[in-house]
Visitor: 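Here's a structure for you.
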Amino acid sequence: KEAAEIVKSALVQVVENPSGTARVLSNGSGSLAAKTGTTEVQGDAVEDGNDTNGFLLAFDAEDRSFLSVILIEDDSGSNVAEKFASLLTQ
């Protein structure tokens, strides 16, 4: 349980820290936590210059009312957070 709290606290900082990759999700309450990432696709899977995929995992760290995973081809994780900020911060 202690390890889970440490991880959750780190994921809240991804949102609340001014240099966090999902800071666009911050509403000041510290209730959202997130992990962003960008993957590189290599080899035969690369089509039409699409060699990256961005993902965002975001969840309500206080109430546990939702968890969302979003993956967008040909993008970065921080861009995914920006694109979905208005939806996730309602």
Side-chain angles (χ1 to χ4, degrees):
K1 189 173 183 177
E2 183 179 327
E5 285 299 317
I6 291 169
V7 171
K8 182 173 89 171
S9 177
L11 296 177
V12 167
Q13 287 305 304
V14 172
V15 175
E16 294 301 322
N17 188 306
S19 62
T21 55
R23 65 189 167 278
V24 296
L25 301 179
S26 177
N27 59 11
S29 72
S31 64
L32 288 180
K35 173 67 179 119
T36 64
T38 304
T39 63
E40 287 189 43
V41 180
Q42 298 179 354
D44 294 338
V46 176
E47 297 177 10
D48 300 325
N50 180 12
D51 60 355
T52 61
N53 294 319
F55 77 87
L56 170 69
L57 177 137
F59 62 95
D60 185 325
E62 273 185 15
D63 299 329
R64 300 180 183 178
S65 62
F66 78 91
L67 181 137
S68 177
V69 177
I70 303 165
L71 174 73
I72 298 182
E73 292 181 340
D74 201 24
D75 214 337
S76 70
S78 57
N79 285 345
V80 174
E82 195 171 315
K83 289 177 181 177
F84 285 88
S86 64
L87 178 67
L88 294 170
T89 57
Q90 290 182 3

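Values reported hereafter were calculated over all heavy atoms of this structure, with side chains retained and with hydrogens, waters and symmetry mates removed.
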Visitor: When you measure from the side chain of Thr38 to the backbone N and O of Gly77, does any donor-acceptor pair fall under 3.5 Å?
Guide: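 Yes; judged by distance alone, with no hydrogens or angles, the pair exists.
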
Visitor: Please give me the minimum heavy-atom distance between Ser31 and Asn27, naming the atom from each residue.
Guide: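 Closest pair (atom of Ser31, atom of Asn27, distance): OG-ND2, 3.9 Å.
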
Visitor: Let me confirm one number: the OG1-CD distance from Thr39 to Glu73, rounded to the nearest 0.5 Å.
Guide: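 Output value for this atom pair is 9.5 Å.
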
Visitor: Just wondering, do Thr52 and Asp74 contact through their side chains at under 4.5 Å, heavy atoms?
Guide: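 Sidechains of Thr52 and Asp74: in contact.
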
Visitor: Should Leu71 and Val69 count as side-chain neighbours, where that means a heavy-atom distance under 4.5 Å?
Guide: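 Not touching, per the 4.5 Å side-chain cut-off.
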
Visitor: Can you find a heavy atom in the side chain of Leu56 that is under 4.5 Å from one in the side chain of Leu88?
Guide: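 Yes, their side chains come closer than 4.5 Å.
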
Visitor: Between Val80 and Phe66, is there shared hydrophobic-cluster membership here, with clusters defined by ILVMFWY side-chain heavy atoms closer than 4.5 Å?
Guide: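 Yes; tracing contacts between hydrophobic side chains, which count when under 4.5 Å, links both residues.
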
Visitor: At what distance, to the nearest 0.5 angstrom, does CG of Leu25 lie from OG of Ser86?
Guide: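 The distance works out to 10.0 Å.
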
Visitor: Can you measure from CG (Leu11) to CD1 (Ile6) and round to the nearest 0.5 angstrom?
Guide: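 Result: 12.0 Å between the selected atoms.
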
Visitor: Within the distance-only criterion (no hydrogens, no angle test), does the side chain of Lys8 pair as donor or acceptor with the backbone N or O of Ala33 below 3.5 angstrom?
Guide: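 A pair under 3.5 Å: no.
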
Visitor: Establish whether Leu87 and Val15 are linked, either directly or via other cluster members, by ILVMFWY side-chain heavy-atom contacts under 4.5 Å.
Guide: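 The answer is yes; both residues are in one hydrophobic cluster.
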
Visitor: Give a yes or no on whether Ile72 and Leu57 share a hydrophobic cluster (residues Ile, Leu, Val, Met, Phe, Trp, Tyr; joining criterion: side-chain heavy atoms under 4.5 Å apart).
Guide: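 The answer is no; the residues belong to distinct hydrophobic clusters.
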
Visitor: What's the spacing between Phe59 CZ and Leu32 CG if we round to 0.5 Å?
Guide: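 Atom-to-atom, Phe59:CZ and Leu32:CG are 9.5 Å apart.
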
Visitor: Taking C-beta and beyond as the side chain, do Asp75 and Lys83 meet within less than 4.5 Å on heavy atoms?
Guide: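 Touching, per the 4.5 Å side-chain cut-off.
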
Visitor: Any idea which heavy atoms bring Ala81 and Thr36 closest together, and the distance?
Guide: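 In this case the closest contact between Ala81 and Thr36 is CB-CG2, 4.4 Å.
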
